[in-house]
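Reviewing the structure listed below.
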Amino acid sequence: MLICSCNVISKADIENVIRTFLDEDPWHLITPGKVYHAMKKRGQCCGCFPNVINIIVAEIENFHRDAETPDAEIMPFIARLRSEYQRTQSIRSESPPRRQAAE
């Protein structure tokens, strides 16, 4: 599934980068910017970032379930990620729309 049409990045591409980060450090704080940087890409319109964040959260959760990490360790971490996502979405929805640069 195509997640970022600006850079032609698929869900599998994003998941592979996330897994690489998690293999290096299971508690790595992964952001869309880090994922894009690892792929040598840049966010352009950044409209895909909310979906990328959802993929990050799901992959972290799946990684730790596969590793049989106790729920007591996983759930607070996932809750913090989701809380941060909701906070940023709230700020985003309250912000005035961006103006396009004059051509």
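- The pair Arg19-Glu15 does not meet the salt-bridge criterion, since no charged nitrogen lies less than 4.0 angstrom from a carboxylate oxygen.
- Val8 and Phe49 are assigned to two separate hydrophobic clusters, defined by single-linkage of ILVMFWY side chains at heavy-atom distances under 4.5 Å.
- Residue Ile53 holds its CD1 atom at 12.0 Å from CD1 of Ile30, rounded to the nearest 0.5 Å.
- Annotation for Lys34: atom NZ counts as buried by contact number, over 12 foreign heavy atoms lying within 6.0 Å.
- Here the shortest heavy-atom pairing between Ile14 and Met39 reads CG1-CE, 4.3 Å.
- Ser10 and Asp13 share a donor-acceptor pair across their side chains, judged by distance under 3.5 Å alone.
- Formation of a donor-acceptor pair under 3.5 Å by the His64 side chain with backbone atoms of Glu59 is not found in this model.
- Using a 4.5 Å cut-off between side-chain heavy atoms of Ile, Leu, Val, Met, Phe, Trp and Tyr, with links allowed through other members, Tyr36 and Leu2 fall into different hydrophobic clusters.
- Going from atom NE2 of His37 over to atom OG1 of Thr31 covers 10.5 Å, rounded to the nearest 0.5 Å.
- Remark: the backbone N or O of Ile9 is not paired with any side-chain donor or acceptor of Asn7 at under 3.5 angstrom.
- Cys48 approaches Ile3 most closely through the heavy-atom pair CB-O, 3.5 Å.
- Asp23 approaches Phe63 most closely through the heavy-atom pair OD1-CE1, 3.5 Å.
- Counting non-hydrogen atoms of neighbouring residues, nucleotides and ligands closer than 6.0 angstrom, the CZ atom of Arg42 reaches no more than 12 such neighbours.
- Here the CD1-CG distance, from Ile55 to Asn62, works out to 11.5 Å after rounding to the nearest 0.5 Å.
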